[in-house]
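Remember, predicted model here, so these are calculated numbers, not experimental data. Reminder, nothing fancy here: chain letters follow the sequence lines and each chain counts from 1.
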Protein chains: 2
Amino acid sequence: MRVPMDTAPPPRPGLRERKKRRTRDALLRAAVELFVSQGYEHTTVDEIAAAVDVSQRTFFRYFAGKEEAALALEELTVAHFVEAVRARPPHEAPMEALRQAVLSGWHSINEVVESVVPVELYLRMYRVIESTPVLLAAHLRRAAESEETISRVIAEREGLDVDADPRPRLAVAVFSGVMRVTERQWLLEEEFSLAGIHALTSRYLDQVGPALLGNWRTARRTSGSEA
Amino acid sequence: MRVPMDTAPPPRPGLRERKKRRTRDALLRAAVELFVSQGYEHTTVDEIAAAVDVSQRTFFRYFAGKEEAALALEELTVAHFVEAVRARPPHEAPMEALRQAVLSGWHSINEVVESVVPVELYLRMYRVIESTPVLLAAHLRRAAESEETISRVIAEREGLDVDADPRPRLAVAVFSGVMRVTERQWLLEEEFSLAGIHALTSRYLDQVGPALLGNWRTARRTSGSEA
DNA sequence: TGTCAATTGTCAGTCGCTGTCACTAGCCTC
DNA sequence: GAGGCTAGTGACAGCGACTGACAATTGACA
């Protein structure tokens, strides 16, 4: 409202703002480093605060809880992915748009994350999340929330009312289910890389059709290992 | 080992056992009643313990945490459902077996639950879970765990290795995704009943196919409301 | 430079949860 | 059926996550 006719580039944020951002980044980085190195449960909020040399109270002013600090990186990823869905050309069918969005999302994930912590750390954090019950739970809940967001995006693309037509939510639920299986399998790999998730994603999505069909036996050729 | 050749019917459990069971049931019932009436967050463990007139310490000897007490009923349901899947005739295709299992599972849910708390309370508790972030998170994590269990059951039915063939996990993930959407929609209904979930389940499962297909527009007839 | 408001530290307190220890009460054997 | 064994419990102390309140500090802006 201050500068009506201007696409005003962000001026300088002011010292206060910069300081705040630095504190938050430092807290987040310290938290993730501690979580990755000694585990989530064995890291106290006091430790994190001490590592950045602020009071425990300050930590809670930046993060709603320990949990939020642990999932902050992932939140970036999710937002990035939702944007990717929005960016898909309108002519793509829903499932195809979702598929392309994840694939392109993983490509550009580097830039999103690297500004806060090294990607290396980001990937390690994923394992901490998967192996820590409370974090996994919180992770799944957030995933459920983004499913709702994405459902609305899809519905809008198709010109439908999410509450009248179940297909947007169903499609997204199915897609998310597959992505979770993919993600989980990916984390099991020894040296898991961004290239790995890419390949797995495509492969698993291609298997959804066969998985839904009736007769699995006849569809198999050698019944040997294929993973 | 005491009675080698006997399918020995459970003798009497002994006074100690009976007392234990009564304490647990009382705690569970009190917990659920309090959660439903005043909310999960606003109920302290001390309150629950006081309602049954035991020490707080005793509560934690029966339940790993407040959360476990809140989800204990649901655990019954899940176990019941897993059994229902196991009980399906082997000739049914995976998705069909899952579908029939839920439907038949809902039919017999009454007996499973009623022995602990009135079904009425059980249904209300579902809403508490859905509307309480930490509970919803824990709920989803448990759901993820049972997905793994069910995947193994399905794989076994089909004579496959879960780790070699992704289809069991994919099919279950897809199915679970649909069930979650169903469950969520069901809880939104004003007067939600067991009959309601039954109808919704069938309807949504039938919509999975259409939801996965490419062109949603052409498949629609009037684009009017259909929910 | 002085006022205003945002940020922070300190302190006290609640709640979930755990370890410890002594005590009571079923249970089992002789 | 008396005595010992052990499971179940209560009482207490303590930790860690989190919150509210208030005072002290510090950037912002006139």
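In this model, the phosphate group of C:dG26 is approached by a side-chain N or O of B:K19 to a distance below 4.0 Å at OP1 or OP2. Side-chain nitrogen and oxygen atoms of B:Y62 include none within less than 4.0 Å of the OP1 or OP2 phosphate oxygen of D:dG8.
As rounded to whole Å, 11 Å separates atom C1' of C:dG26 from atom CD of B:E17. The distance from atom CG of A:D53 to atom C1' of C:dG9 is 12 Å, rounded to the nearest whole Å. Atoms NE2 (B:H42) and C1' (D:dT19) sit 13 Å apart, rounded to a whole Å. The nearest whole Å value for the distance from the CD1 atom in A:I48 to the P atom in D:dA17 is 8 Å. Atom CD in A:E47 sits about 14 Å away from atom C1' in D:dA17, given to the nearest Å. To the nearest angstrom, C1' of D:dT26 lies 14 Å from NZ of A:K20.
For residues 99-121 of chain A, every residue pair satisfying the salt bridge (charged side-chain N to carboxylate O under 4.0 Å, His left out) rule, not counting sequence neighbours, is listed here: A:R99-A:D206, A:E120-A:R124.
Rounding to the nearest 0.5 angstrom, the gap separating the CD1 atom in B:I109 from the CD1 atom in B:I197 is 11.0 Å. Atoms CD1 and CG, from A:I154 and A:L170 in turn, are 12.5 Å apart once rounded to the nearest 0.5 Å. If you take OH on A:Y126 and OG on A:S131, they are separated by 14.0 Å, rounding to the nearest 0.5 Å.
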Review item, nucleotides 15-20 of chain C N/O atoms under 3.5 Å of protein N/O:
from	atom 1	to	atom 2	distance (Å)
C:dG16	OP1	B:T43	O	3.3
C:dG16	OP1	B:K66	NZ	3.1
C:dG16	OP2	B:V45	N	3.2
C:dC17	OP2	B:K66	N	2.7
C:dG19	N7	B:R57	NE	3.4
C:dG19	N7	B:R57	NH2	2.9
C:dG19	O6	B:R57	NE	2.7

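Side chain to side chain, A:T58 and A:S55 meet the donor-acceptor criterion of an N or O pair below 3.5 Å.
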Identify all side-chain donor-acceptor contacts of residues 23-34 of chain B below 3.5 Å with residues at least two apart in sequence or on another chain.
from	atom 1	to	atom 2	distance (Å)
B:T23	OG1	B:K19	O	2.9
B:R29	NH1	B:V116	O	3.0
B:R29	NH2	B:V116	O	3.1

